[in-house]
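Just below is one structure, and these are the notes that go with it.
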Amino acid sequence: MALIKWKNRDLYDPWADFKSLQDEINALFDIDRVPTTTGLFDRSVSPAIDVIEDEHTYTVVCELPGMNEKDIDVSIASNVLTIKGEKKNEREEKKGSYYKKESWSGSFQRTLPLPASVNGDKISAQLKDGVLSVVLPKKEEAKPKQISVNIS
Amino acid sequence: MDTTKETRTMAKTCQAPCDIFHESDKVICKLEMPGVSKDSLEVKVDGDRLIIDGRKPAHDTKGEYRIREIRTGDYHQEFTIDDTVDRNKIDASIKNGVVTISLGLRESEKPRKIQISSS
């Protein structure tokens with residue numbers, strides 16, 4: 001059984017106001033919804049990625065909402081993975097006025113140096129619900145091996 | 001008991017980038033929710049509130065994260081809609097992780113041309 005400190009909810013808590021003030025200030029700096037450039041000389045935006053390593057593969061996950069397969073170019077050259085493409089704004093020429101615009105459009109590029117253990121020939125990529133996953137298998141010799149030792 | 005309320009506010013949610021634009025007879029709201037499919041999206045109208053909930057698929061945490069930049073947490077967004085929106089003309093669709101909600105305006109709100117009759 002967990003013991004929880006008893007708190008009288010009817011009492012006025014002066015710190016609760018500070019909490020909401022802090023939340024509001026934090027919301028002002030909540031600008032990482034829009035991707036920015038990462039490098040000093042990058043001219044295009046870099047969408048956020050996740051890289052997950054498990055026993056046999058590396059998985060690169062990239063969020064690219066509203067894009068089709070043909071707009072994305074995934075390539076690998078001398079152990080550098082490049083995801084690039086152009087995110088188009090579908091509504092540019094249509095009539096109407098914006099109340100709010102937070103989404104970004106334009107070309108983007110993300111490069112990622114890969115470890116030497118990646119087998120560059122067996123890379124697969126798939127796009128589902130605006131999420132691109134690139135699966136990079138490891139080379140056979142890089143996988144952990146279990147060697148049984150016989151003790152006589 | 002307000003436990004349900006508390007768990008809801010404590011659950012980590014994130015806001016999706018949102019575009020809202022006005023066309024001649026409707027207001028279109030576009031939200032970028034990558035990872036959300038048709039089945040994990042819920043759009044509902046509760047009185048004056050338009051509530052959009054999108055659940056991100058839970059990533060199998062088999063491996064270890066080497067880079068982690070993508071925000072976790074489900075999408076939750078609420079908008080207030082006024083009486084100019086016809087409640088029966090609200091449509092929602094999702095494609096490639098982009099949710100499009102079309103809010104049709106009432107007939108009385110549309111621009112109307114008045115014929116001039118010559119006597």
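This one's a predicted model, so the numbers in the text were calculated from it and none came from an experiment. Naming convention: chains lettered A, B, ... in sequence-line order (proteins, then strands); numbering from 1 in each chain.
Hydrophobic clustering (ILVMFWY, side-chain heavy atoms < 4.5 Å, transitive): B/Tyr75 and B/Val99 are in one cluster. Note on A/Val74 and A/Leu114: same hydrophobic cluster, where clusters join Ile, Leu, Val, Met, Phe, Trp and Tyr whose side-chain heavy atoms are under 4.5 Å apart, directly or indirectly. Both B/Phe79 and B/Leu103 are part of a single hydrophobic cluster, where members link through side-chain heavy atoms under 4.5 Å apart. Cluster annotation: B/Ile20 is connected to B/Leu50 through the hydrophobic network of ILVMFWY side chains, with a link wherever side-chain heavy atoms come within less than 4.5 Å. Hydrophobic clustering, with ILVMFWY side chains joined whenever heavy atoms are under 4.5 angstrom apart, groups A/Val51 together with A/Ile72.
Heavy atoms from other residues, nucleotides or ligands lying under 6.0 Å from NZ of A/Lys101 number more than 12.
Listed by chain and number, the residues in a side-chain contact (heavy atoms from CB on, under 4.5 Å) with B/Asp46 are B/Arg49, B/Ile51 (sequence neighbours excluded).
In terms of modelled atom types and a separation under 3.5 Å, the side chain of B/Asp19 and the main chain of A/Glu102 share a donor-acceptor contact.
Residues from residues 35-43 of chain B that place a non-hydrogen atom less than 4.5 Å from a non-hydrogen atom of chain A comprise B/Gly35, B/Val36, B/Ser37, given in numerical order. Contacts between residues 83-96 of chain B and chain A, counted as heavy-atom pairs separated by less than 4.5 Å, involve B/Lys95, B/Asn96. Near-neighbour residues of residues 123-138 of chain A relative to chain B, defined by a heavy atom under 4.5 Å from a heavy atom of that chain, comprise A/Asp129, A/Gly130, A/Val131.
Taking CD1 of B/Ile70 as the reference point, atom SG of A/Cys62 lies at 6.5 Å (rounded to 0.5 Å). Here the straight-line distance linking atom OH of A/Tyr98 with atom CD1 of B/Ile28 works out to 10.5 Å at 0.5 Å rounding. The distance from atom CD of B/Glu69 to atom CG of A/Asp50, rounded to the nearest 0.5 Å, is 7.5 Å.
Counting heavy-atom pairs closer than 4.5 Å to chain B, the top-ranked of the candidates A/Asp54, A/Thr57, A/Ile49 is A/Ile49. Of the listed residues A/Asn68, A/Leu112, A/Leu64, the one with more heavy-atom pairs under 4.5 angstrom with chain B than any other is A/Asn68.
Smallest separation of non-hydrogen atoms from A/Pro65 and B/Gly97: CB-O, 4.0 Å.
Paired with A/Glu63 under the rule side-chain contact (heavy atoms from CB on, under 4.5 Å), one option of B/Glu32, B/Met33, B/Lys56 passes, and it is B/Lys56.
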